[in-house]
Amino acid sequence: MKVIEQYTEGKSTTVPSEDAAVVNAFYAAVIDGATPKTAFRYPGGETPGHLAARLLSEAIRSMPADLDAESCVARLTKVLHQDDVTPSNRPIASLVIYSEPRREIWMIGDCQFGYIDRENIFRTVTNTKLIDKCLSEWRRDIILSYLSRGRMTTEGIAANDPGRRIIQPFITHQVRYQNAKTQNPFNYTMLDGEPVPKHYIKVYQLPADVHQLVLATDGYPVLMQNLEESEKELHHLLQEDPLCIGPLLGTKGVQPGNKSNDDRTYLRLEI
């Protein structure tokens with residue numbers, strides 16, 4: 001396993017990225033620490049998402065080669081477990097891991113991966129959340145209402161987003177659907193220190209003829225087969241849709257002073 005391209009960049013110029021990438025002899029992974037739902041910070045000012053990315057990176061570097069997906073998730077869950085914080089303040093992350101010994105991809109949450117198949121077509125696999133889609137569409141409709149009535153300008157919305165403000169309580173409390181054992185279309189999975197039901201763990205066996213693999217966080221709205229093309233597409237969309245109510249539809253836009261709407265990590269491997 002050889003790294004061809006690796007890149008991480010935060011959305012902010014002042015706050016460290018909550019993404020991370022890890023590669024060792026047996027595993028390659030990208031980790032997306034969840035954006036904080038509240039103003040809570042750990043000692044030293046570390047956000048829950050940054051703490052999650054750091055702890056998971058350290059744990060993956062030392063994982064033995066013989067783990068399967070379920071035992072890996074159990075091991076990483078234990079690393080994140082916190083007894084003394086509320087659910088919305090836990091260290092939470094999504095990740096996608098490639099196991100070299102098993103030639104498998106393991107997905108927890110909304111990271112993504114891609115590979116070139118035998119027909120020389122770049123195939124991508126994503127894992128979006130229904131609750132994010134619904135809240136993003138609600139936020140979009142709120143913003144379009146403000147714009148259409150001339151109540152706010154694009155610049156004003158970027159600085160003081162009324163859509164984000166209105167959906168924020170629902171974002172804060174959406175953890176009730178996280179790794180939930182009951183049946184609900186809004187349920188989703190993340191690593192958060194609590195047990196992950198087995199059916200949430202997605203496992204993909206890579207075809208034998210795949211020799212290049214891309215792992216990425218969802219900071220790349222369109223995943224391409226190399227970093228340059230992925231970055232080019234992202235910057236085009238950021239210019240076209242800085243409020244993230246169109247092609248970049250999301251629960252937040254690009255805030256003033258930020259470079260993007262989300263942290264991003266891209267990792268391309270020869271396997």
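Here the structure is a predicted model, which means the values were calculated and not measured. In this chain, residues are counted from 1 in sequence order.
- Contact annotation: the side chain of Leu206 never approaches that of Glu104 to less than 4.5 Å [non-hydrogen atoms, C-beta and beyond].
- Hydrophobic clustering (ILVMFWY, side-chain heavy atoms < 4.5 Å, transitive): Tyr27 and Ile31 are in one cluster.
- Side-chain contact between Leu76 and Met63 is present, with at least one heavy-atom pair separated by less than 4.5 Å.
- Without hydrogens or angle criteria, Thr251 side chain to Ser136 main chain gives no donor-acceptor distance under 3.5 Å.
- Ring centers of Tyr7 and Tyr266: at least 6.0 Å apart, outside the cut-off.
- A salt bridge does not link Asp161 to Arg164: none of the charged side-chain nitrogens sits closer than 4.0 Å to a carboxylate oxygen.
- Hydrophobic clustering keeps Leu51 apart from Val15 (ILVMFWY residues linked when any side-chain heavy atoms are closer than 4.5 Å, directly or through intermediates).
- Under the 3.5 Å distance criterion, with hydrogens and angles disregarded, a donor-acceptor pair is assigned to the side chains of Arg149 and Ser145.
- Side chains of Asn261 and Lys252: no donor on one and acceptor on the other come within 3.5 Å.
- A single hydrophobic cluster is seen to contain both Val30 and Val210, as judged by linkage of ILVMFWY side chains at heavy-atom distances under 4.5 Å, directly or through other members.
- Taking CG of Asn89 as the start and CG of Asp192 as the end, the distance is 12.5 Å to the nearest 0.5 Å.
- Between Gln239 and His235, the side chains place no donor N or O within less than 3.5 Å of an acceptor N or O (distance only, hydrogens not considered).
- By the rule that hydrophobic residues join a cluster once side-chain heavy atoms approach within less than 4.5 Å of another member, Val203 and Leu95 end up as members of one cluster.
- Expressed to the nearest 0.5 Å, how far CD1 of Ile166 lies from CD1 of Ile171 amounts to 11.5 Å.
- A search for side chain to side chain donor-acceptor pair (under 3.5 Å) contacts involving Ser17 returns nothing, not counting sequence neighbours.
- Looking at heavy atoms from C-beta onward, Glu194 lies out of side-chain contact with Thr77 at the 4.5 angstrom threshold.
- Within the 3.5 Å criterion, the main-chain N or O of Gln168 finds a donor-acceptor partner in the side chain of Thr172.
- A donor-acceptor contact closer than 3.5 angstrom links the side chains of Gln212 and Arg268.
- Atoms OG1 and CG, on Thr153 and Leu147 in that order, are 8.0 Å from each other to the nearest 0.5 Å.
- When each of Leu215, Ile4, Val214 is tested with Leu267 by the rule side chain to side chain contact (heavy atoms under 4.5 Å, CB included), just one qualifies, namely Leu215.
- Side-chain contact between Thr128 and Lys133 is absent, with no heavy atoms from C-beta onward closer than 4.5 Å.
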query = Given Ile97 and Ile105, is the side chain to side chain contact (heavy atoms under 4.5 Å, CB included) satisfied, shown in steps?
reply = CA-CA 6 Å; Ile97 300 180; Ile105 301 288; over 6 Å; no
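- Hydrophobic clustering (ILVMFWY, side-chain heavy atoms < 4.5 Å, transitive): Ile92 and Val73 are in distinct clusters.
- Judged by the 6.0 Å distance and 45° axis criteria, Arg151 is positioned over the aromatic ring of Tyr146.
- Going from atom CG of Asn127 over to atom OG of Ser94 covers 8.0 Å, rounded to the nearest 0.5 Å.
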task = Show your working on side-chain hydrogen bond (donor to acceptor under 3.5 Å, both in side chains) between Glu58 and Ser62 and close with a plain yes or no.
result = CA-CA 7 Å; Glu58 294 168 357; Ser62 62; over 6 Å; no
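- In this structure, Leu237 and Val222 have side chains that are in contact, with non-hydrogen atoms separated by less than 4.5 Å.
- Atom CD of Gln112 and atom CG of Asp32 lie 10.0 Å apart (nearest 0.5 Å).
- Residues Thr47 and Glu18 bring a donor and an acceptor atom of their side chains to less than 3.5 Å of each other.
- Using a 4.5 Å heavy-atom threshold, the side chains of Leu56 and Leu80 count as touching.
- Ring orientation note: the planes of Phe170 and Trp138 are nearly perpendicular, at an angle over 60° on the 30°/60° scale.
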request  = Starting from the C-alpha separation in whole Å, work towards a yes-or-no answer on side-chain hydrogen bond (donor to acceptor under 3.5 Å, both in side chains) for Tyr188 and Gln178.
outcome  = CA-CA 5 Å; Tyr188 63 92; Gln178 195 165 287; 3.0 Å; yes
query = Would Gln6 and Thr265 satisfy side chain to side chain contact (heavy atoms under 4.5 Å, CB included), going step by step from the backbone distance to the final call?
reply = CA-CA 8 Å; Gln6 180 176 337; Thr265 292; 5.9 Å; no
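- Look at Glu46 and Arg41 and you find no salt bridge, because none of the NZ, NE, NH1 or NH2 atoms lies under 4.0 Å from a carboxylate O.
- The shortest side-chain heavy-atom distance between Met1 and Leu213 does not fall under the 4.5 Å cut-off.
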query = Going through the distances and angles, do Leu248 and Leu238 end up as a side chain to side chain contact (heavy atoms under 4.5 Å, CB included)?
reply = CA-CA 8 Å; Leu248 279 177; Leu238 287 170; 3.7 Å; yes
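- The neighbour count for Phe26 CZ, taken as heavy atoms of other residues, nucleotides or ligands under 6.0 Å away, does not exceed 12.
- Contact of the Thr8 side chain with the Arg264 side chain is not registered, since no non-hydrogen atoms from C-beta on lie closer than 4.5 Å.
- The ring pair (Phe, Tyr, Trp, His ring centres under 6.0 Å) with Phe113 is formed by just one residue from the set Tyr98, Tyr204, Tyr220; it is Tyr204.
- Judged purely by distance below 3.5 Å, without hydrogens or angles, the side chains of Asp209 and His211 never pair a donor atom with an acceptor atom.
- Distance alone, capped at 3.5 Å, is enough to place a donor-acceptor pair between the Arg139 side chain and the Gly250 backbone.
- Taken to the nearest 0.5 Å, the CD1 atom of Ile131 stands 5.5 Å off from the CG atom of Leu135.
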